[in-house]
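Comments concern the structure below.
To find a chain, count down the sequence lines: A is the first, B the second, and so on, and within it residues start at 1.
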Number of protein chains: 2
Amino acid sequence: MALINEHFLKLQKNYLFADIAKKVNAYKAMHPKANVISLGIGDVTQPLCPAVIDAMHKAVDDMAHKETFHGYGPEQGYIWLREAIVKNDFLPRGVHLDPDEIFVNDGAKSDTGNIGELVRWDNSMAVTDPIYPVYIDSNVMIGRAGVFADGKWSNVTYMPCTDKNKFVPQIPDHRVDMIYLCYPNNPTGMVLPKEELRKWVNYAIHNDSIIFYDAAYEAYIQDPDIPHSIYEIRGARKVAIEFHSYSKTAGFTGVRCGYTVVPKELTATTVDGQRLPLNQYWLRRQSTKFNGTSYISQRGAEAIYTPEGKKQVAETIQYYMKNASIMREALTDLGFEVYGGTDAPYLWVKTPGDTPSWQFFEQLLYGAQVVCTPGVGFGPSGEGFVRLTSFGDRDDCIEAMARIKEWLKK
Amino acid sequence: MALINEHFLKLQKNYLFADIAKKVNAYKAMHPKANVISLGIGDVTQPLCPAVIDAMHKAVDDMAHKETFHGYGPEQGYIWLREAIVKNDFLPRGVHLDPDEIFVNDGAKSDTGNIGELVRWDNSMAVTDPIYPVYIDSNVMIGRAGVFADGKWSNVTYMPCTDKNKFVPQIPDHRVDMIYLCYPNNPTGMVLPKEELRKWVNYAIHNDSIIFYDAAYEAYIQDPDIPHSIYEIRGARKVAIEFHSYSKTAGFTGVRCGYTVVPKELTATTVDGQRLPLNQYWLRRQSTKFNGTSYISQRGAEAIYTPEGKKQVAETIQYYMKNASIMREALTDLGFEVYGGTDAPYLWVKTPGDTPSWQFFEQLLYGAQVVCTPGVGFGPSGEGFVRLTSFGDRDDCIEAMARIKEWLKK
């Protein structure tokens, strides 16, 4: 008989955001007139910018005529998009990449989830804690995470990031093969200065580890000294795979386009010690199990790099960052301990009096009709925190802060 | 040190279509004035139909305004598309599906490649031979196919489909856990009548196997007695996962949208004999490692099911099928043994005098500047055949046949 992949059975029953949706829907069913404001899930709300809209209309028109029709594109993405990426996202920061090191995808979630296929199932792994659940769950499915006990996976090294250590993860005292880092961080909204990131690159070089670096939120960095790419650190090309996404950069959550960088110098090792470049194996994986991203989405992404596109995308980011600063200020005034929100679209808020995350989530929902994301959903070190996102409408943001203020008065 | 997934090293060096592209490009470099006609790769050439174009323009406009903007969609696909699928692709054939059994994706290649994650890596598998390479390669990557020796993978049961058995695969004399079937078949262009398909469903029920049924070409079936879906066979809901694609149905190779059916009755077993429904695990997999398909692509797919969409899509399919019949007739007149091409966009042509596939590929390229796909690229039983596709322009089709005629005279 066909046997199920037993690792799937180890997964915790529900995905965090599905749990939240269920609780919010239950509340709405009981309070049909309530106007619930969601600062929970990290989805954007502002429309795509005109440059992207124009480019996608043009791309749709291309598909209407035999002469300009596009069938299968390269699995790795169109060269015009990969060249625009190299030229605009990396060159200005002194990072030289070859377009063949760029793999256009349908969003960072797919690639951060699938990349683990490249390495042996029993490689050891480390994650910052709290963390985006996909990094762990995708490794659970492959058997790499071990078993779940006492709120942790047995084969995963957790690197706590809390107010105690100013959210700076400590380098493990043992070696691990795979390290997941996400900066600007989801969920804490914190960033890593160059000198801290350099420690990780050096650790990876020293220990022959691979860093999976999720830079999905890099466009939100305001501080000029904070690195946007791990490749700004010398030596990183040998040890790091980097994930980018247009979801948050340009509101592409419904358009589906992003990219992954697999440098040609990056290697993993065979059991008998041979070093092999992962770039070619990722290409083989993508050529076999992926057929490229929508031509229309790629044309939309290309438009982000035009002068108008850059300007328009930056405006939307500033809109969201203004939300972040409004929320930061309001919550700080109300006496909350607030982290993040200056170089990231996320605010990481300590619950008053160490209220458990899910309890505070419900208090906020029932008391102020505001949805947050319980921090513990991102890992054990997220307990006692909630995540708020700045992706909402300005009016909703302001209204949510007013409601929280009112609620606290009661 | 990080160890590479050793199964990737077992993969044969190149993907079939990459090999072909390389040889064709080499020829073009040497003969820059040659007008090469490709009847090789199965990519469409006709533009998207007006109903789809209109729907996608409207969808792009939706993304331009806050009120109609769409961010993250459901990982499983929008309900309006899943309902249209259930109502149009299945109900008219007497197949009742629940929209929750439909998983919209970015094309059948992704899902046929990823679906193997659901079952244990050491499940046994069978494939018809010749076969679409993705079914095997994706299983090689997971370790399931074993090692490659003498042109075959050690843990794969091959079911030869040749002119000797009229391309009807024989049921294995032993049990296997996973069976890949593709009808109308890629590459042979042959179809399976109901009574043959019933044998497979019964085998799977009897042996507790899972059938992975690729129906990507079902829209090309002309014979009213040939099943379009395996679910037309009683009992199939318990044993079959079915893959559909808009790539060939509606020219979506560059748009990226298709869907997978995982019926709720379908189960796999734990080591201790518990039966578990795969539908929920596939949902969990998709929710973790996929973020849904482009909203614009899904709106385009929805338009295929409107009265105009249906009519326009059918016209393009008839255009391609007319190509197939022109090629079939011309090649038969020239003395070739030709299979397929009546209920499928593919023609499977026996090489004259048992010429090896790759040799005939080169003869045809150099002699007539026509590109075919060498049959052996699809598996050992494909040796001595080539695949031609009917997805070209009418004029190219006619010209290719004329050139082959001229070339044979020489």
Side-chain angles (χ1 to χ4, degrees), chain A residues 1-6 8 11 15 43-48 53 56-57 60 63-66 69-73 106-107 109-110 113-114 117-120 123 134 137-138 141 177-178 208-210 253-256 268-271 276 281 284-285 287-291 293-297, chain B residues 1-6 8 11 15 43-48 53 56-57 60 63-66 69-73 106-107 109-110 113-114 117-120 123 134 137-138 141 177-178 208-210 253-256 268-271 276 281 284-285 287-291 293-297:
Chain A
M1 55 205 170
L3 292 172
I4 197 164
N5 173 353
E6 70 274 19
F8 270 73
L11 286 164
Y15 187 65
D43 197 2
V44 296
T45 55
Q46 301 306 302
L48 297 180
I53 293 290
M56 294 207 299
H57 273 307
V60 172
M63 301 301 261
H65 305 284
K66 209 169 69 177
F69 177 76
H70 282 71
Y72 290 122
D106 68 336
K109 192 180 179 190
S110 305
N114 292 327
E117 292 178 26
L118 283 189
V119 286
R120 264 172 71 113
N123 274 229
V134 165
D137 285 359
S138 60
M141 291 176 178
D177 299 309
M178 305 163 63
D208 217 344
S209 320
I210 299 173
T253 52
V255 176
R256 313 308 314 140
T269 310
T270 63
V271 180
L276 295 170
Y281 291 100
R284 188 60 158 89
R285 192 272 172 207
S287 303
T288 302
K289 298 170 78 170
F290 182 60
N291 233 335
T293 304
S294 160
Y295 169 71
I296 300 154
S297 302
Chain B
M1 54 205 173
L3 291 173
I4 196 165
N5 174 352
E6 70 275 19
F8 270 73
L11 285 164
Y15 188 64
D43 196 2
V44 296
T45 55
Q46 302 305 301
L48 297 179
I53 293 291
M56 294 206 300
H57 273 308
V60 172
M63 302 301 263
H65 305 283
K66 207 170 69 176
F69 176 76
H70 282 71
Y72 289 122
D106 69 335
K109 192 180 179 190
S110 305
N114 292 329
E117 293 178 27
L118 283 189
V119 286
R120 265 173 70 113
N123 275 228
V134 165
D137 285 358
S138 60
M141 291 176 179
D177 300 309
M178 305 164 63
D208 219 343
S209 319
I210 298 173
T253 52
V255 176
R256 314 306 316 140
T269 311
T270 61
V271 180
L276 295 171
Y281 291 101
R284 188 62 158 87
R285 191 272 171 206
S287 303
T288 303
K289 298 170 79 170
F290 182 60
N291 234 335
T293 304
S294 159
Y295 169 72
I296 300 154
S297 303

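In this structure, CE on B:M63 lies 7.0 Å from OG on B:S294, to the nearest 0.5 angstrom. Atom NZ in B:K109 sits 6.5 Å away from atom OG1 in A:T288 (nearest 0.5 Å). Remark: A:S110 OG to A:K289 NZ distance equals 12.0 Å, nearest 0.5 Å. Note: A:R285 CZ to A:E117 CD = 4.0 Å, rounded to the nearest 0.5 Å.
Checked by atom type and distance alone, the side chain of A:S297 pairs as donor or acceptor with a backbone atom of A:V255 at under 3.5 Å. One N or O on the side chain of B:N5 and one on the backbone of B:M141 form a donor-acceptor pair closer than 3.5 Å.
The residue among A:V119, A:T293, A:V271 with the most heavy atom pairs within less than 4.5 Å of chain B is A:V119. Each of B:N291, B:L276, B:L48 has some count of heavy-atom pairs under 4.5 Å with chain A, and the biggest count is that of B:N291. Note on A:S209, A:P47, A:A268, A:A64: by heavy-atom pairs under 4.5 Å with chain B, the leading option is A:P47. Chain B forms the most heavy-atom pairs under 4.5 Å with one residue out of A:Y72, A:Y295, A:F290, and that residue is A:Y72. Across B:V44, B:I296, B:V60, the residue that shares the most heavy-atom pairs under 4.5 angstrom with chain A is B:V60. In terms of heavy-atom pairs under 4.5 Å with chain A, the best-connected choice from B:T270, B:V134, B:L118, B:D106 is B:L118. Of the listed residues B:I4, B:D177, B:N114, the one with more heavy-atom pairs under 4.5 angstrom with chain A than any other is B:I4. Between chain A and the options B:M178, B:H57, B:Q46, the largest number of non-hydrogen pairs under 4.5 Å is found for B:H57. When each of B:G73, B:G107, B:G71, B:S287 is checked for heavy-atom pairs under 4.5 Å with chain A, B:G71 comes out on top.
Proximity to chain B (any heavy atom under 4.5 Å) is restricted, for A:R256, to the side chain, taken from C-beta onward. Only the side chain of B:F69 comes within contact range of chain A, with heavy atoms under 4.5 Å apart. Residue contact with chain A, scored on non-hydrogen atoms closer than 4.5 Å, involves the side chain of B:N123 exclusively. Interface residue A:T45: only backbone heavy atoms are found under 4.5 Å from chain B.
Here the closest heavy-atom approach between residue B:S138 and residue B:G113 is recorded as CB-O, 3.4 Å. Scanning all heavy atoms of the two residues, the minimum distance from A:F8 to B:Y281 falls at CE2-O, 3.6 Å.
Judged as a side chain to side chain contact (heavy atoms under 4.5 Å, CB included), and not counting sequence neighbours, the contacts of B:T269 are A:M1, A:L3, B:D208, B:R275.
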